[in-house]
Amino acid sequence: MKIYLVGGAVRDELLDIKNADKDYVVTGATPEQMLELGYTQVGKDFPVFLHPKTHEEYALARTETKNGTGYTGFICDFSKTVTLEEDLLRRDLTINAIAKDQDGNYIDPYKGTEDIKNRVLRHVSDAFVEDPLRVLRVARFYARFYHLGFTVAPETMELMRQIAKSGELETLTAERVFMELEKALKTKDPDKFILCLREAGALKYVLPEIDKLFGIPGPKRWHPEIDSGIHTCMTLHMISEKTDCPVTRFAMLCHDLGKGETPTVLWPHHRLHNELGLKPLKCLCQRLHVPSAYEQFAIKVVKYHSVMHHLYKSGGKTVVSLFDNLDAWRREEWVKPFALCCKCDFLGRLGFENRDFSRTDYFLEMFDICKTVKAKEFVDQGFKGPQIGQKMYEKRVMLVEEYMKSIPEDELNDKNNEKPAALTEDNITLERKAQNSKKNKMGFFKKRLSSDLNFTETEGDYDL
């Protein structure tokens with residue numbers, strides 16, 4: 001019996017990255033021998049054991065033969081005769097197919113160390129196509145190691161496209177898809193996960209609500225990047241530089257889902273995208289069994305992020321009403337992440353990346369002021385029931401409007417925020433997607449928008 005350290009622990013050691021998880025492969029052993037040594041078996045489809053003292057995972061070396069669809073359609077052989085090289089051959093990427101023996105020697109039959117040196121994500125064998133989950137895993141590793149200069153080998157990307165075209169991505173369970181998405185959201189560059197899946201032709205199967213945004217134009221003055229999918233990835237990249245919270249990052253990823261629902265006759269404007277985004281968000285969350293904590297915060301960001309861009313429109317009433325709609329008095333922990341999402345929505349545009357957006361600072365200061373208003377003050381004055389809430393609202397509005405007197409005029413009148421990006425035509429390389437050439441009747445939806453909203457360029461912020 002021989003024991004080897006394998007997988008991520010070896011890879012990260014070679015990359016000089018801290019990794020607390022250690023997995024081991026055991027060759028030349030049987031399940032009975034492992035149990036006799038005091039290991040506890042936890043695997044169902046194939047024997048995985050927990051060490052009696054460290055509780056680290058030890059798996060018997062195995063081979064896999066495809067006998068069905070999906071990532072579970074395999075027959076495993078974990079007999080004593082399975083070699084380490086055979087076990088490593090079934091792994092997804094060469095950088096994950098390196099082992100280390102108990103004497104500290106590396107066993108690298110598939111040149112994983114060379115690919116680590118060259119910063120390449122490459123499949124181990126053509127059996128890569130047998131497991132559709134590997135498309136998501138490669139995209140996740142790309143997001144995780146992008147900052148180190150890693151790229152996906154062209155031949156591996158081609159296999160990823162082959163898997164996407166096969167339809168096997170649809171066999172993945174919701175839980176596994178969300179697990180990979182959540183892990184990707186915790187990487188340094190989660191936007192690269194989205195872009196990698198799209199390049200592989202897999203995004204439309206995994207996250208169709210996000211894929212739908214690509215090719216949908218925004219107003220050029222406010223979105224020089226034009227493409228709503230690109231904007232989404234830019235905001236995700238921006239927020240990932242400011243917080244590592246996956247819940248906040250997920251909300252940022254979903255904030256503009258409504259732009260995928262805007263009728264083409266209204267393009268490039270998306271005046272009601274905040275309301276239209278709630279349905280696709282619900283569909284996404286239900287399909288992937290997204291945890292409630294993710295969904296509930298994302299709802300707030302999707303529905304109310306545009307309000308931040310016209311925060312002073314109705315004086316203190318807009319501000320306090322936004323706090324009310326955010327349920328800020330009970331869910332104070334949402335306020336700062338919400339403000340951060342709004343800030344990154346503003347900054348996540350071509351030519352806006354380094355602009356000042358002090359609005360969120362004023363927003364948070366106004367929230368601190370509003371928190372000083374307590375119900376006891378009005379209870380002591382004899383008010384009861386709904387009257388107490390109304391009085392608290394009125395005082396908060398008064399305090400906010402008093403504070404607003406200290407805010408610069410260019411902030412209050414949106415002059416700073418409505419300033420277009422300082423870009424020339426030569427700086428803009430992306431082109432607007434061709435508009436729908438079919439003739440469309442005006443219809444109720446457009447009539448409503450035309451009568452309720454002023455379609456002027458000066459109010460382009462509604463498209464953020």
Side-chain angles (χ1 to χ4, degrees), residues 1-68 70-117 121-134 137-138 140-141 144-145 176 179-180 183:
M1 184 175 83
K2 293 184 178 180
I3 297 174
Y4 302 89
L5 181 68
V6 294
V10 179
R11 176 200 66 224
D12 290 352
E13 179 180 297
L14 292 170
L15 285 169
D16 196 23
I17 297 174
K18 291 183 179 179
N19 189 327
D21 297 326
K22 292 185 177 181
D23 295 310
Y24 297 86
V25 159
V26 182
T27 61
T30 64
E32 292 74 22
Q33 287 177 299
M34 298 296 287
L35 293 173
E36 288 175 3
L37 292 171
Y39 289 80
T40 302
Q41 185 170 346
V42 294
K44 295 181 180 179
D45 299 325
F46 51 86
V48 176
F49 301 85
L50 298 182
H51 191 280
K53 293 183 179 179
T54 65
H55 302 292
E56 293 173 329
E57 289 191 0
Y58 288 69
L60 296 186
R62 69 183 189 273
T63 61
E64 296 174 341
T65 303
K66 185 80 167 179
N67 76 324
Y71 69 96
T72 60
F74 294 91
I75 295 176
C76 295
D77 175 15
F78 45 85
S79 63
K80 291 179 64 174
T81 59
V82 176
T83 66
L84 174 66
E85 288 73 15
E86 289 175 323
D87 181 271
L88 296 176
L89 181 64
R90 67 175 175 78
R91 296 176 183 269
D92 50 7
L93 298 172
T94 60
I95 66 171
N96 297 329
I98 309 169
K100 184 179 180 182
D101 66 21
Q102 292 176 305
D103 295 324
N105 301 308
Y106 293 107
I107 298 90
D108 180 23
Y110 307 109
K111 300 182 179 180
T113 53
E114 183 177 327
D115 281 338
I116 286 177
K117 180 180 179 181
L121 301 175
R122 191 191 315 277
H123 62 284
V124 177
S125 74
D126 288 342
F128 177 92
V129 298
E130 296 177 352
D131 185 355
L133 186 64
R134 288 175 171 174
R137 282 176 55 82
V138 172
R140 173 166 60 84
F141 283 123
R144 182 181 177 189
F145 297 131
R176 291 309 298 264
M179 183 185 299
E180 290 298 322
K183 288 180 178 179

What is the distance from atom CZ of Arg144 to atom CG of Leu121, rounded to the nearest 0.5 Å? 11.5 Å
Stepwise side-chain contact (heavy atoms from CB on, under 4.5 Å) test for Tyr4 and Val10: CA-CA 10 Å; Tyr4 302 89; Val10 179; over 6 Å; no
Identify the heavy atoms of Leu5 and Asp23 that sit nearest to each other, and give their distance. CD1-O, 3.4 Å
Correct closest heavy-atom pair for Pro31 and Phe49 would be CA-CZ, 3.7 Å
Sorted by chain and residue number, the side-chain hydrogen bond (donor to acceptor under 3.5 Å, both in side chains) partners of Asn105 (sequence neighbours excluded) come out as Asp101
Taken to the nearest 0.5 Å, the spacing of Thr63 OG1 from Phe78 CZ works out to 10.0 Å
Spacing of Glu56 atom CD and Leu50 atom CG [to the nearest 0.5 Å]: 10.0 Å
Under 4.0 Å between a side-chain nitrogen and a carboxylate oxygen: does that hold for Arg90 and Asp77? no
Can you tell me how far OH of Tyr24 sits from CD of Gln102, rounded to the nearest 0.5 angstrom? 9.0 Å
Please work out which of the three classes, parallel, tilted or perpendicular, describes the rings of His51 and Tyr58, given edges at 30° and 60°. tilted
To check you understand the geometry: which heavy-atom pair defines the closest contact between Leu84 and Ala99, and what is its length? CD2-CB, 3.9 Å
Checking Ile98 against Ile107 for the side-chain contact (heavy atoms from CB on, under 4.5 Å) test, could you report, in this order, the C-alpha distance in whole Å, the side-chain angles of both residues, the deciding distance, and whether it holds? CA-CA 6 Å; Ile98 309 169; Ile107 298 90; over 6 Å; no
Output yes when a side-chain donor or acceptor of Tyr110 lies under 3.5 Å from a complementary backbone atom of Glu85, and no otherwise. yes
Non-hydrogen atoms of Leu93 and His123 that approach each other most closely: CD2-N, 3.9 Å
Nearest heavy atoms of Val124 and Arg91, plus distance in Å: CG2-O, 3.4 Å
Between Tyr106 and Glu13, a side-chain donor and acceptor under 3.5 Å: yes
Distance-minimising heavy-atom pair for Gln33 and Gly28: OE1-O, 3.9 Å
Going by the salt bridge (Lys or Arg N to Asp or Glu O under 4.0 Å) test, name the single residue among Arg122, Arg137, Arg11, Arg134 that passes it with Asp92. Arg137
Short N-O contact, Asp108 and Lys111, less than 4.0 angstrom: no
Presence of salt bridge, Glu57 and Lys22, under 4.0 angstrom: no
Determine, stepwise, if the pair Met1 / Thr27 fulfils side-chain contact (heavy atoms from CB on, under 4.5 Å). CA-CA 6 Å; Met1 184 175 83; Thr27 61; over 6 Å; no
Thr94 OG1 to Ile116 CD1 distance, which is reported to the nearest 0.5 Å: 7.5 Å
Measuring only between side-chain heavy atoms, which start at C-beta, is Met34 closer than 4.5 Å to Pro47? no
Please report the C-alpha distance between Phe145 and Ile17 in whole Å, then the side-chain angles of each, then the deciding distance to 0.1 Å, and finally whether the side-chain contact (heavy atoms from CB on, under 4.5 Å) criterion is met. CA-CA 11 Å; Phe145 297 131; Ile17 297 174; 3.8 Å; yes
Counting C-beta onward and ignoring hydrogens, is there a side-chain heavy-atom pair between Lys18 and Asp12 closer than 4.5 Å? no
